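For ligands, and for the atoms within them, numbers begin at 1 and follow the listed sequence. Fair warning: this is a prediction, and the values are worked out from it, not measured in the lab.
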Amino acid sequence: AKASGRNTHRFFAEAMNAEAVAHLSIRGGLRRALERGEFLIHYQPQVNLDSGMVFGAEALIRWNHPERGMIPPGAFIPIAEDSGLIVPIGDWVLREACRQAAQWQAAGLPLTVAVNLSARQLQRPDLARTVTDALTDSGLDPLFLELELTESMLIQNTDAVLENIRRVKALGVQLSIDDFGTGYSNLSYIGRLAVDKLKIDRSFIMDLCRNHDSARITAAVIQMAHSLNLTAVAEGVEDAETLEQLRQLRCDVAQGYFLGRPGPAEAVERAARQANPF
Ligand code: C2E
Ligand code: CA
Ligand code: CA
Ligand code: CA
C-alpha cells in the first residue's frame with residue numbers, strides 16, 4: 001500500500017510537472033506568437049431571426065502554432081490572462097477585427113463585428129483610448145463594433161470598471177453580456193449599465209428542445225431582454241429544431257454550428273451575400 005501510495009504520488013507529481021511545463025511553454029510562446037504573427041481570427045456568423053440574414057460575426061482568436069498546429073483559445077487565453085499578456089493580445093484582436101469590419105463596409109457589407117473583452121482589459125484605465133484608436137485607425141463606424149463582457153466581469157464592478165463601460169458606451173459601440181445566466185449576478189446592473197444585448201449561454205440552448213428547465217429559462221431571459229429593450233441572442237444553436245424553437249420564443253439573434261462554424265472572414269462574407277440563407 002505504501003509503495004503504491006508513493007507511486008501515486010510520483011505519478012501525480014509527474015503529471016503536475018508536465019502540466020506546469022506545458023503551461024510555461026505556452027506562456028513563453030505567447031509573446032513570440034504575437035511578435036511573429038501566429039494569431040489569427042476566425043469569424044462566426046450571427047443571424048437575425050426575423051430576416052434570416054447574416055448581420056454580423058463574432059471574432060474568435062486562434063493560435064496557429066508552428067509545431068503544434070491550431071490551438072483553441074481555451075488552451076491559452078486563461079494563461080494569457082494570468083500573465084497579463086491578454087492586454088496586448090486583446091488589443092491585437094480588437095484592431096484586427098475593426099480592420100476586417102471596415103473592409104466589409106468598403107465591400108458593401110455592413111456587418112457588425114463582436115469582440116470578446118477579458119476582465120483585465122476592462123480594468124485598464126486606457127480601455128476607451130485603446131478602443132478609440134482601433135476605431136480611428138481602421139475608420140470603422142463605432143455602430144458596427146460590439147464588445148462582449150461576461151457577467152462575472154461585472155461582479156467586481158469597481159468604479160474603474162463602471163467608468164470604462166460608461167466611456168466605451170459613449171463612443172457609440174454596442175455592448176453585450178456574454179454567457180448570460182451563468183454568472184450568479186443579481187441582475188440589478190443590467191438596467192443601470194447601458195448594455196444592448198444579452199447572449200444566453202450555450203448550456204441553456206444546447207438542450208432547449210429536451211429540457212423543460214432550459215426552455216423555461218430561455219423563454220424568461222428573452223422576455224426580460226425585451227421588456228428592458230435589449231436584443232436577445234442565442235449561442236450554440238446546433239440544429240434546425242432548436243432554431244425553430246428560438247423563433248417561436250421570439251429570440252432576435254442566433255449563432256451556432258447550425259448557422260455557421262467559426263471560419264475565415266470570406267466564409268462570413270459568402271453567407272452574408274446570400275439572399276435568405278436561413
Ligand atoms: P465564447 O465567447 O462563449 O465563444 C463561443 C464559443 O462557442 C467559441 O469557442 C465557439 O467556437 C463555440 N461555439 C459556437 N457555436 C457553437 C455550437 O453550436 N456548439 C458548440 N458546442 N460550440 C459552439 P472558441 O472559439 O473555442 O472560444 C472559446 C472561448 O475563448 C470564447 O467563448 C471566449 O470566452 C474565449 N475567446 C475567444 N476569442 C477571444 C478573444 O479574442 N479574447 C478573449 N478575451 N477571449 C476569447
Ligand atoms: Ca463571446
Ligand atoms: Ca459565450
Ligand atoms: Ca424580433
F76 vs W63 aromatic rings, parallel, tilted or perpendicular, using cut-offs 30° and 60°? perpendicular
For W104 and Y43, take the angle between the two ring planes, folded into 0 to 90°, and tell me which bin it lands in: parallel under 30, tilted 30 to 60, perpendicular over 60. perpendicular
N, O or S from T150 under 3.0 Å to the Ca ion (ligand 2): no
Using 3.0 Å as the threshold, say whether any N, O or S atom from D179 sits that close to the Ca ion (ligand 2). no
Would [X] and [Y] pass as an ion pair if we require N to O under 4.0 Å?
X	Y	value
R99	E96	yes
K199	E148	yes
R68	E38	no
R210	D207	no

Under 3.5 Å: donor-acceptor pair, side chain of [X], backbone of [Y]:
X	Y	answer
R62	I41	no
R250	R247	yes
R120	D82	yes
S176	D178	no
N164	L122	yes

Verify [atom]: protein non-hydrogen atom under 4.0 angstrom away:
atom	answer
atom 41 (O) of ligand 1	yes
atom 44 (N) of ligand 1	yes
atom 24 (P) of ligand 1	yes

Using a 4.0 Å heavy-atom threshold (strictly under), name the region of [X] that reaches ligand 1: side chain, backbone, both or neither.
X	result
R261	neither
R62	side chain
P262	side chain
Q255	neither
I41	neither
V93	side chain

Where is the nearest protein heavy atom to [atom]: which residue, which atom, and how far?
atom	result
atom 6 (C) of ligand 1	R202 NH1, 3.8 Å
atom 38 (N) of ligand 1	I61 N, 3.1 Å
atom 34 (O) of ligand 1	N116 OD1, 4.8 Å
atom 28 (C) of ligand 1	P73 CG, 3.8 Å
atom 21 (N) of ligand 1	E238 OE2, 3.0 Å

Answer yes or no: does an N/O atom from D178 fall short of 3.5 Å to an N/O atom of ligand 1? yes
Test of proximity, E58 against ligand 1: N or O pairs below 3.5 Å: yes
Quick check on G236 - does any of its heavy atoms sit under 4.0 Å from an atom of ligand 1? yes
Suppose you place the vertex at the Ca ion (ligand 3); what is the angle out to D178 OD1 and E235 OE2, to 10°? 100°
Measure centre to centre between the rings of F55 and F144, then say whether the value is under 6.0 Å. no
To atom 17 (C) of ligand 1, the nearest of Y257, F258, W92 on a heavy-atom basis is Y257
Identity of the N, O or S atom of E58 lying closest to the Ca ion (ligand 2): OE2
Shortest non-hydrogen separation from Q105 to L111 and the atoms involved: NE2-O, 3.3 Å
